[in-house]
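Written below as structure tokens is the structure these notes are about.
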Amino acid sequence: QVQLVESGGGLVQAGDSLRLSCAASGGTFSTYAMGWFRRAPGKERKFVAAINKNGARTYYADSVKGRFTISRDNAKNTVYLQMNSLKFEDTAVYYCAADRDGLPSMIPSDYNYWGQGTEVTASS
């Protein structure tokens, strides 16, 4: 059973940066595609970014393109989300997810394993 643990969330000012981390255990991390999703208060969970198994291909929601960067370190079983120029509307609980099929996806139901989430608040 794969376990995912997110960290790095917090309260920041709009315009600031944060880096989220997601540490994986219990599986073969290098075979999974990884994704980040977020759920803002009162809203549905939405796709943020995804990365393929070896990190060569990345995908982003239009709302974060140019500001967020997803990356991974397979030696450390960790995926990252670097978030720059944070906006108030980025405020949400951020979740990482693993897809054992190894195919990056924007669809939450394609992912098999989820972390518990880390909260990000960007004050305006």
Side-chain angles (χ1 to χ4, degrees):
Q1 182 73 8
V2 175
Q3 292 187 327
L4 303 173
V5 179
E6 301 97 334
S7 61
L11 172 63
V12 297
Q13 299 281 338
D16 286 351
S17 299
L18 275 177
R19 188 175 82 155
L20 305 183
S21 300
C22 172
S25 61
T28 309
F29 180 76
S30 61
T31 66
Y32 302 140
M34 300 297 296
W36 284 97
F37 292 78
R38 66 187 182 187
R39 178 175 288 163
K43 297 188 178 180
E44 294 185 350
R45 182 171 47 185
K46 290 188 175 181
F47 170 76
V48 176
I51 189 167
N52 75 328
K53 292 182 289 186
N54 64 9
R57 289 182 288 140
T58 57
Y59 307 86
Y60 298 94
D62 288 342
S63 59
V64 306
K65 204 171 291 183
R67 299 188 298 122
F68 291 10
T69 303
I70 187 171
S71 62
R72 66 191 296 162
D73 186 338
N74 286 346
K76 295 182 178 180
N77 289 354
T78 301
V79 63
Y80 304 97
L81 185 68
Q82 177 67 44
M83 306 186 295
N84 298 330
S85 302
L86 281 162
K87 303 177 181 180
F88 172 75
E89 50 265 40
D90 295 319
T91 295
V93 177
Y94 284 71
Y95 301 89
C96 73
D99 181 349
R100 62 183 175 221
D101 291 334
L103 301 175
S105 171
M106 297 185 290
I107 303 171
S109 59
D110 285 344
Y111 290 82
N112 307 103
Y113 307 105
W114 291 84
Q116 82 290 346
T118 186
E119 190 168 357
V120 172
T121 302
S123 61
S124 58

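Everything numeric here is computed off the predicted structure, so don't read it as measured data. Keep in mind that the numbers below use all heavy atoms, side chains included, and drop hydrogens, waters and symmetry copies.
In plain terms, the two heavy atoms of S124 and A14 that are nearest each other are CA-CB, 4.2 Å. Looking at every heavy atom in both residues, K53 comes nearest to A33 through CG-N, 4.2 Å. In plain terms, the two heavy atoms of G115 and Y95 that are nearest each other are O-CD2, 3.7 Å.
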Please tabulate, for the side chains in residues 101-110, all donor-acceptor contacts under 3.5 angstrom to protein atoms that are two or more places apart in sequence or on a different chain.
from, atom 1, to, atom 2, distance (Å)
S105, OG, I107, N, 2.9
S105, OG, D110, OD2, 2.6

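Considering only residues two or more places apart in sequence or on other chains, R72 meets the salt bridge (charged side-chain N to carboxylate O under 4.0 Å, His left out) condition with none of them. For K76, the side chain to side chain contact (heavy atoms under 4.5 Å, CB included) partners two or more places apart in sequence, or in a different chain, are D73, T78, Y80. Contacts of T31 classified as side chain to side chain contact (heavy atoms under 4.5 Å, CB included), with partners at least two apart in sequence or in another chain: T28. Checked against side chain to side chain contact (heavy atoms under 4.5 Å, CB included), S85 has the following partners two or more places apart in sequence or in another chain: R67. F47 meets the ring-ring contact (aromatic ring centres under 6.0 Å, His included) test with F37; sequence neighbours excluded. Residues passing the salt bridge (charged side-chain N to carboxylate O under 4.0 Å, His left out) test with K65, sequence neighbours excluded: D62. Here N54 pairs with N52, A56 under the side chain to side chain contact (heavy atoms under 4.5 Å, CB included) rule; sequence neighbours left out.
A heavy-atom distance below 4.5 Å is found between the side chains of Q116 and E6.
Residue pairs that meet the disulfide bond (SG atoms under 2.5 Å apart) test with at least one member in residues 43-85, sequence neighbours left out, do not exist here. Within the structure, disulfide bond (SG atoms under 2.5 Å apart) contacts touching residues 90-124 (residues at least two apart or in different chains) are C22-C96.
Side-chain contacts under 4.5 Å among hydrophobic residues (ILVMFWY), followed directly or transitively, place V5 with no other residue at all. With side-chain heavy atoms closer than 4.5 Å counting as contact, directly or through intermediates, the hydrophobic cluster containing Y94 also holds V2, L4, V12, L18, L20, F29, Y32, M34, W36, V48, I51, Y60, V64, F68, I70, V79, L81, M83, L86, Y113, V120.
Annotation for Q3: atom CD does not count as buried by contact number, only 12 or fewer foreign heavy atoms lying within 6.0 Å.
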